[in-house]
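Proteins get letters first, then strands, A, B, ... in listed order; numbering begins at 1 in each. Only a predicted model underlies this, so the values are computations on that prediction, with no experimental measurement involved.
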Amino acid sequence: MNPLDDLNPHQKNAVEYSQGAQLIFAGAGSGKTKVLTHKIAYLIDTGAVRPENILAVTFTNKAAQELRSRVEEFVGRNAKYVHIGTFHSICARMLRREIEHLGYTKQFTIYDADDQNRLLKKIIDDTNIDIGGHKPKNILSRISYLKSWMTSPEEFKPRQGYRLEQLVKELYPLYQNALKRSNAVDFDDLLLLPLELFKQAPEILEKYRFIYQYILVDEYQDTNKPQFHIIDLLAKKHRNLCVVGDDDQSIYSWRGANIENILNFSDNYPECKVFKLEQNYRSTNNILKAASKVVANNINRTPKELWSRKSDGDLIVKIEADSDYDEAARIAAYIQREIITNKRKFKDFAILYRTNAQTRILEEILRRNNIPYTIIGGVKFYERKEIKDILAYFNVLSNSKDDINLKRIINFPPRGIGKQTLGIVEQFAFEKRISILEALNHIDALELSRRSEKSLQSFSSIIKRAADMRESIAFEEWTRVMIDEIGVRTYFKELGGEESIQRLANIDELLNDISEFCHTEDNATLESYLEKVSLSTSIDTWEDEKNTVSLMTLHSAKGLEFPVVFICGLNQGLFPLDRDNSEKVVEEERRLFYVGLTRAMEKVFLSSAQMRNRAGEMQYLPDSIFLNEIPSELMEINPVKEGVISCRCRKPQKSSGKVSFQTSDLKDKIVRPGSIVSHKIFGPGKVLDITGVGQNAKLRIHFRTCGTKTIVAKFVEVK
DNA sequence: AGCAACTCATTTTTT
DNA sequence: ATGAGTTGCT
């Protein structure tokens with residue numbers, strides 16, 4: 001197929017224009033990915049640019065994969081040479097090659113939120129700084145925000161009387177130093193260090209300018225300051241820069257995304273040509289009208305008019321529920337109704353919400369109704385404890401300075417290295433200015449009991465053996481041997497119980513993942529695998545062909561489309577979420593709502609619940625102001641009456657099979673006096689009486705092994 | 001050193 | 001309603 005075929009005139013103009021800077025305002029569903037795909041193919045096809053000289057930056061790895069496979073349809077194997085990836089993955093790859101200029105080694109570790117948290121906590125412990133009630137996580141998010149605006153520790157001016165800001169001022173430089181000492185970078189560093197590199201070594205900038213002669217950036221409205229500078233520096237010479245975005249879909253200002261980047265693009269590239277794509281191919285007209293009306297309430301935007309040739313379609317359905325449970329039940333009922341009356345499949349539905357905390361109830365109700373679902377987001381696979389522990393071994397093997405990961409595993413599985421022993425080693429390492437792993441080479445110099453010394457020796461030799469093995473066997477095989485060496489499997493097998501079985505299954509899943517990686521990646525190494533792991537998100541691993549309902553936050557839904565979309569929790573305080581009610585914040589929430597509405601192809605359901613359980617207490621919340629912004633003639637309220645919706649009364653049933661490893665088991669324990677239960681330590685026993693209800697009820701249990709004890713319900717298994 | 005159970009605070013969104 | 005951090009027992 002020709003890259004200029006199958007395009008509307010506006011799309012065609014945008015594809016054809018390939019001389020210099022270009023700004024494409026692409027409304028929701030206007031064929032943005034299509035234009036990017038065709039444009040890359042066009043550049044290659046016409047011989048204007050060689051595939052290896054094209055850089056395309058997308059928002060998620062999934063989008064990158066999709067773009068690559070669509071380009072492949074045009075240009076075949078040439079697609080392989082196009083540089084396509086997210087800002088973070090492209091920067092990580094660049095740093096892997098060049099970071100030594102900045103005093104790190106190529107084996108640097110990418111720290112995730114949990115690693116960052118451990119690192120900051122260690123600093124707080126070591127320095128005895130009193131953080132008086134403030135949480136390390138909050139301090140970190142402030143630091144991250146400063147970094148996303150490129151404010152250095154020295155430049156940051158805390159306001160008088162703001163304790164949190166004083167703490168940030170104190171801890172930010174220490175945190176930064178600690179990262180470097182650990183040969184580690186955080187997500188913000190991935191964007192900042194390339195800029196540092198370009199400044200310190202202009203020849204490297206030249207090199208990449210030479211490689212990336214034509215640059216395309218997707219979702220440009222959500223780029224932040226460092227991202228802007230990276231692109232700007234790279235593009236400055238050839239000035240072949242095509243940015244695509246939609247200011248109405250800018251939803252990441254809280255992490256430093258700067259909408260001005262797109263609104264003021266022509267200030268930096270005065271020669272740029274502006275294109276607008278306003279024909280929507282995704283949604284029915286009613287959906288589009290509603291979305292346009294909503295977003296028109298925002299002041300800070302470029303005016304635009306989305307239109308569609310599609311029919312009006314169904315009205316938007318407003319679901320008015322009594323409670324959050326009722327809301328979930330009604331959603332479940334509408335899904336079943338749509339499946340029966342309109343022959344839809346489970347995978348046609350997405351349920352979108354503002355906060356991850358809303359998943360729990362939805363999950364429970366869907367499960368009770370035998371509706372298969374996949375949760376995108378929440379606890380990610382690679383963040384599970386047992387997985388992170390194994391990955392910590394891998395990280396330590398790659399980067400010997402990584403004390404944070406080393407501390408995770410020095411006593412996992414338990415080998416008798418406690419606080420005391422670790423403290424001695426840490427102190428020694430601190431004094432000698434070496435890493436903990438290096439300190440283990442001098443065990444004899446430490447004053448330790450025979451026992452502790454032996455434990456440390458055994459840990460140290462596991463690491464040494466593993467390091468030696470890396471030389472001689474391939475990565476995939478090495479991981480398998482490693483997992484045996486570590487003894488995690490044996491540990492969980494001996495520990496027993498339901499939870500251990502799940503953990504063992506997850507470890508197998510990890511091995512499968514590694515093996516798949518090794519068979520798809522050209523040169524799979526420990527480092528390249530770790531990089532993939534640290535940069536992958538739950539959206540990236542989402543299998544869209546699986547026939548399940550998708551549950552995710554509105555943020556995660558960006559860039560996706562579904563025939564039927566539910567947006568739930570449309571209550572004032574929850575969506576828009578209240579933290580401070582400045583107009584700027586409401587505008588971003590409104591854009592988020594706009595993003596949600598425009599995900600839908602055929603049908604939208606909007607739900608609110610009068611009463612919701614928030615942080616353990618019931619709250620009455622009025623309807624979201626956003627609901628009033630949709631013209632009433634486009635909406636029908638509770639079209640199906642109460643009697644029809646009865647599924648919430650249904651009895652809990654076992655799930656219809658494996659839904660996903662992210663789905664946790666519903667605990668339907670019914671305990672009464674006389675029930676036989678089993679305790680992990682004390683074994684089987686008979687319940688004598690019960691005080692309280694639910695998971696925290698206290699049970700008096702007579703155990704065969706050790707007589708009568710009082711145990712909290714959640715610690716026993718019902719027979 | 002290790003685990004069971006308590007207390008207390010906690011709900012934004014994520015690369 | 002849950003989880004993290006911590007205590008207190010073995």
Every protein N/O within reach of nucleotides 13-15 of chain B N/O, cut-off under 3.5 Å:
| from | atom 1 | to | atom 2 | distance (Å) |
| --- | --- | --- | --- | --- |
| B:dT13 | OP1 | A:Asn356 | N | 2.7 |
| B:dT13 | OP1 | A:Asn356 | ND2 | 3.2 |
| B:dT13 | O4' | A:Arg354 | NH2 | 3.4 |
| B:dT13 | O2 | A:Trp254 | NE1 | 3.2 |
| B:dT13 | O2 | A:Arg354 | NH2 | 2.5 |
| B:dT14 | OP1 | A:Thr553 | OG1 | 2.9 |
| B:dT14 | OP1 | A:Ser556 | OG | 3.1 |
| B:dT14 | OP2 | A:Asn356 | ND2 | 3.4 |
| B:dT14 | O4' | A:Arg255 | NH1 | 3.3 |
| B:dT15 | O2 | A:His88 | NE2 | 3.3 |

Which atoms of nucleotides 4-10 of chain C (N or O only) lie under 3.5 Å from a protein N or O atom, and what are those distances?
| from | atom 1 | to | atom 2 | distance (Å) |
| --- | --- | --- | --- | --- |
| C:dG5 | OP1 | A:Lys121 | NZ | 2.3 |

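Taking atom P on both nucleotides, B:dT13 is separated from C:dA4 by 15 Å, rounded to a whole Å. Distance noted for atom C1' between B:dT12 and C:dG5: 23 Å (whole Å).
Under the 4.0 Å criterion applied to side-chain N and carboxylate O atoms, A:Glu531 and A:Arg96 are assigned as salt-bridge partners. Under the 4.0 Å criterion applied to side-chain N and carboxylate O atoms, A:Arg118 and A:Asp114 are assigned as salt-bridge partners. Taking a cutoff of 4.0 Å between a charged side-chain nitrogen and a carboxylate oxygen, A:Arg360 and A:Glu363 do not qualify as a salt bridge. We find that A:Lys532 and A:Asp513 are joined by a salt bridge, their nearest charged nitrogen and carboxylate oxygen being less than 4.0 Å apart.
No side-chain donor from either of A:Asn224 and A:Ser148 sits under 3.5 Å from a side-chain acceptor of the other. Under the 3.5 Å distance criterion, with hydrogens and angles disregarded, no donor-acceptor pair is assigned to the side chains of A:Gln457 and A:Ser460. A donor-acceptor pair shorter than 3.5 Å can be found between the side chains of A:Asp540 and A:Thr537.
For A:Gln358 and B:dT12, the CD to C1' distance is 10 Å, given to the nearest whole Å. We find that CZ of A:Phe412 is positioned 11 Å from P of B:dC3, with the value rounded to whole Å. When rounded to the nearest whole Å, the span between CD1 of A:Ile410 and P of B:dG2 equals 12 Å. Between the P atom of B:dT11 and the CG atom of A:Leu554 lies a distance of 20 Å, rounded to the nearest Å.
Set against B:dT12, B:dA1, B:dT10, the side chain of A:Lys135 has B:dT10 as its closest nucleotide.
Using a 4.0 Å heavy-atom cutoff across all strands shown, A:Gln420 reaches sugar-phosphate atoms only and no base atom. Note on A:Arg614: nothing from the nucleic acid sits closer than 4.0 angstrom, heavy atoms only. Counting non-hydrogen atoms under 4.0 angstrom, A:Ser148 reaches nothing in the nucleic acid.
For A:Phe59 and A:Tyr252, the distance between ring centers is under 6.0 angstrom.
Identified under the salt bridge (Lys or Arg N to Asp or Glu O under 4.0 Å) test for residues 185-195 of chain A, with sequence neighbours left out: A:Lys147-A:Asp186, A:Lys147-A:Asp189.
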